[in-house]
Amino acid sequence: MGLFDFFKKKETAPEAQEALDKGLEKTKEGFFSKLTKAVAGKSTVDDDVLDNLEEVLVTSDVGVSTTLKIIERIQERVAKDKYLSTTELNGLLRDEIQLLLAENNSNDFRNFEYGDHKPYVIMVVGVNGVGKTTTIGKLAHKLKKEGLNVVLGAADTFRAAAVDQIKLWGERVGVRVVAQAMGSDPASVAFDTLQSAVANKEDVVIIDTAGRLHNKVGLMNELGKIKNVMQKIIPNAPHEILLVLDGSTGQNAFEQCKQFTEATDVNALAITKLDGTAKGGVVIGISDQFKIPVKYIGVGEKMDDLQLFDKKEFVNSLFK
Ligand SMILES: Nc1nc2c(ncn2[C@@H]2O[C@H](COP(=O)(O)OP(=O)(O)O)[C@@H](O)[C@H]2O)c(=O)[nH]1
Ligand SMILES: [Mg+2]
């Protein structure tokens with residue numbers, strides 16, 4: 001049992017479900033209006049319906065391979081049960097989608113598994129503009145509310161504004177930020193952050209990074225260097241490599257996920273900007289294809305607009 005497991009409380013406050021419903025509104029609207037058209041005038045699921053369904057899923061950014069998987073499973077059902085009605089299709093789709101989503105075992109913002117060591121170290125990666133710094137600020141806010149001491153490391157030293165931005169989040173949320181001047185070595189910032197977190201006995205360290213996607217080797221080297229330096233202080237750090245993907249970019253998010261998982265050991269995903277996009281289907285495809293749990297989803301720009309991903313709630317919200 002991890003140090004932070006002593007009280008497990010699940011964040012299923014009605015406000016959270018409401019925020020999720022609202023965040024997924026556009027995806028849902030798009031998906032259902034297309035789905036309604038796909039089955040229009042049909043009482044049973046036939047080849048036409050399946051073709052239309054395939055198109056609905058692909059155009060909802062679920063991704064081709066995951067779509068084919070879903071279609072195949074529904075075809076199997078149709079083969080067994082020749083008169084599968086189109087009204088039954090919704091329930092079936094819902095079950096299949098839920099099965100495809102990787103389980104997020106974190107049902108609590110403070111549910112960290114890091115053995116006996118403090119602090120728990122999260123390294124946040126992802127390309128520029130996806131919402132890394134914002135997600136870090138929101139996460140720090142959630143963790144602080146849970147009573148944890150959080151420190152942020154401003155290791156995106158590439159742009160001047162980046163350091164200021166994370167400092168601003170630190171002030172807003174009330175957590176410490178370790179920073180150096182713009183252009184300084186990101187690994188050195190990460191080192192300082194961990195060192196001071198250990199000295200101050202802080203609970204969680206979150207390291208921001210620059211997210212330059214030069215090429216695979218360059219990315220591997222850059223992230224590898226930050227990791228190596230952290231391991232001089234905490235041998236199994238980072239405990240979590242959180243890849244942030246912008247859900248509104250649809251297929252680009254798949255491509256980024258591929259590149260980052262090839263370059264480093266990503267073990268958690270955050271999908272942001274699900275509010276205001278109809279491309280929420282990416283959550284389904286990415287979760288299925290990369291088998292990495294979606295841990296957090298971003299449903300807005302404000303401090304409270306971060307949610308723990310819960311596949312059941314997600315599917316419920318999608319089919320509500
Ligand atoms: N609507 C919306 N905007 C977001 C969300 N997350 C981040 N953003 C916005 O996306 C932009 C880029 O975010 P930032 O954190 O600077 O990205 P970074 O470059 O990866 O650190 C900012 O304008 C954020 O306010 C989200 O969940 N929803
Ligand atoms: Mg940033």
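First listed ligand is number 1; within each ligand, the first listed atom is number 1.
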Q | Short side-chain to backbone donor-acceptor contact, Asn267 and His239, under 3.5 Å | A | yes
(Q) Please check this pair: side chain of Thr44 against backbone of Thr86, looking for a donor-acceptor N/O pair closer than 3.5 Å. (A) no
Can you tell whether the side chains of [X] and [Y] come within less than 4.0 Å, N to carboxylate O?
X	Y	value
Glu262	Lys258	yes
Asp304	Lys145	yes
Arg77	Glu88	no
Lys132	Asp156	no

**Q.** Structural part of Lys138 in contact with ligand 1, heavy atom criterion under 4.0 angstrom
**A.** side chain
Q: Have a look at ligand 1 and work out which part of Leu274, if any, has a heavy atom under 4.0 Å from it: side chain, backbone, both or neither.
A: neither
With heavy atoms of [X] as the reference, note each atom of ligand 1 found under 4.0 Å away.
X	result
Gln165	14 (P), 15 (O), 16 (O)
Gly298	27 (O)
Val299	27 (O)
Glu301	1 (N), 2 (C), 3 (N), 4 (C), 9 (C), 23 (O), 24 (C), 25 (O)
Val127	20 (O)

Q: Between Gly300, Ala162, Gly131, flag the one that comes closest to atom 5 (C) of ligand 1 by a heavy atom.
A: Gly300
Q. With a cut-off of 2.8 Å, which protein N/O/S atoms are close to the Mg ion (ligand 2), if we only count those under it?
A. Thr133 OG1
Q | Phe191 reachable from Val163 in the ILVMFWY side-chain graph, under 4.5 Å edges | A | no
Q) Among the clusters formed by ILVMFWY side chains lying less than 4.5 Å apart, do Phe158 and Ile226 turn up in the same one? A) no
Q.
Quick one, Leu168 with Asp164, criterion side-chain contact (heavy atoms from CB on, under 4.5 Å). Give me CA distance, side-chain angles, the key distance, then yes/no.
A. CA-CA 6 Å; Leu168 193 65; Asp164 293 338; over 6 Å; no
Q: Nearest 0.5 Å please: distance from the CG atom of Asp305 over to the NZ atom of Lys22.
A: 10.5 Å
Short N/O distance, under 3.5 Å, between [X] and ligand 1?
X	value
Asp305	no
Asp208	no
Asp275	yes
Thr135	no

In terms of residue, atom name and distance, what is the protein heavy atom nearest to [atom]?
atom	value
atom 8 (N) of ligand 1	Lys273 CE, 3.7 Å
atom 20 (O) of ligand 1	Lys132 N, 2.8 Å
atom 15 (O) of ligand 1	Thr134 OG1, 2.6 Å

(Q) Check contact between Gly129 and ligand 1, using heavy atoms of the residue and a distance below 4.0 angstrom. (A) yes
(Q) Any heavy-atom pair between the side chains of Asn316 and Arg94 that's under 4.5 Å? (A) yes
Q) Less than 4.5 Å apart, any side-chain heavy atom of Leu99 and any of Arg73? A) yes
**Q.** Atom NZ of Lys225: over 12 foreign heavy atoms under 6.0 Å
**A.** no
**Q.** Partner set under side-chain contact (heavy atoms from CB on, under 4.5 Å) for Ile70, not counting sequence neighbours
**A.** Leu57, Val62, Thr66, Ile74, Leu93, Ile97, Leu100
